[in-house]
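Let me begin by presenting the structure, written as structure tokens, before commenting on it.
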Amino acid sequence: MAHPSHKSRQAPPPPEVVEGAWLLKAFAVVVIAALLCTYATLCILFSKSQWQLVLHPVQTSEGGSPKDLIHFGAGDTGQPQLTGEWLPASTSSGYNHLTVLFLSGGDGTRKDFAETQAALRNLGLNVFTFDYRGYGSSAKIHPSQLRMLEDAETAWKYLTGTREIPGRSILPYGVGVGASLATSLALEHNEIAAVMLDSPYCDLRDVFRHNPKFRFLPVGLLFHEDFPLTAPLSSLSTPKLLLSHKPSREVAAYDSAAAPKITAAVSASSGPQFEGAVRQLLDQYVAVSSSAPAATTTR
């Protein structure tokens, strides 16, 4: 018999056993969390860098005489952000009082559209062309739809303010994504007599939504470089010339565009077909009304 003061030894508790099911659940939670983090990262990267899918800026240093260049659009630092050129009409015509505000596409610089600009000048139109920020020798900052809209408005203010050109004598001409910018300007400024759109690359949300590369991303929620055209054109009552090229995919936005409009299929943005379409717009809707003096109100 054990001594009464002797304490019996207690057996150690059995070791805890982690069930396999719990381990599997914990592993699944970790994997799901990692996948969610990865997906969120992809969404953020797509949202921040999508401008590179739509726009392909080219930075260049200008050659030639600096006196031929126009620097305008001072930013917060007081330094001009935009570089452009004033290209006077190369022939005398009844259109000399009109100025084309040329809004380039998202690939290349203003100089890549020199052939079209020359065709407009040969018709007797003045042309003002410039590079958006991120293009040519304008400010080195990545472009975006919002910034390009701001640049188009800055160019408008330069023409109407610094050069004192009446708004009714300025005709926005938009190529590619520039078609959306030209349409936005016409909606913002009712005095614009007409707008010309050439081979638009716009309404891009649906284009990227149906791209198999992005089928796992909520493109509809994340995409903001849309450069809308269909909806704005459907409500724009300003006379418009809608140019498409043959062969080319049909521009759906043209079908629903509000009247008045002239739709023309041309083989190039120069030459007899092109010039004939522009002349039709000018003679039918622009030349007389733009050259007429501003109406006065009598009491």
Next on the checklist: Closer than 3.5 angstrom, by distance alone: can the side chain of Ser234 be matched with the main-chain N or O of Ala231 as a donor-acceptor pair?
Outcome noted: yes

Checklist entry - How close do Val195 and Ala186 get, heavy atom to heavy atom, and via which atoms? => result CB-CB, 4.5 Å

Checklist entry - Under 4.5 Å between any side-chain heavy atoms of Leu197 and Tyr254, yes or no? => result yes

Checklist entry - So which pairs with a foot in residues 220-242 pass salt bridge (Lys or Arg N to Asp or Glu O under 4.0 Å), sequence neighbours left out? => result none

Checklist entry - Any sub-3.5 Å donor-acceptor pair from Arg133's side-chain atoms to Arg147's backbone N or O? => result yes

Checklist entry - Does Gln81 have any side chain to side chain donor-acceptor pair (under 3.5 Å) partners at least two apart in sequence or in another chain, and if so, which? => result none

Item to check | Sub-6.0 Å ring centroid separation between Phe113 and Tyr173 | outcome: no

Checklist entry - Does any N or O in the side chain of Tyr135 come within less than 3.5 Å of the main-chain N or O of Gly106, such that one atom is a donor and the other an acceptor? => result yes

Item to check | Side-chain touch Leu242/Met196, heavy atoms, less than 4.5 angstrom | outcome: no

Checklist entry - When the ring planes of Phe128 and Phe130 are compared, do they come out parallel, tilted or perpendicular, using 30° and 60° as the limits? => result parallel

Checklist entry - Using a distance-only test with no angle check, is there a side-chain donor-acceptor pair under 3.5 angstrom linking Ser199 and His245? => result yes

Checklist outcome for this item: Applied to residues 258-282, the salt bridge (Lys or Arg N to Asp or Glu O under 4.0 Å) test, sequence neighbours excluded, yields none

Checklist entry - What side chain to side chain donor-acceptor pair (under 3.5 Å) pairs are there with at least one residue in residues 117-128, not counting sequence neighbours? => result Ser90-Asn122, Gln117-Thr129

Next on the checklist: Whether the side chain of Thr160 engages the backbone of Ile165 through a donor-acceptor N/O pair (distance < 3.5 Å, no angle test) should be reported.
Outcome noted: no

Checklist entry - Does anything in residues 188-200 pair up under salt bridge (Lys or Arg N to Asp or Glu O under 4.0 Å), and if so which pairs, sequence neighbours excluded? => result none

Item to check | ring-ring contact (aromatic ring centres under 6.0 Å, His included) contacts in which one or both residues fall within residues 221-240, not counting sequence neighbours | outcome: Phe208-Phe223

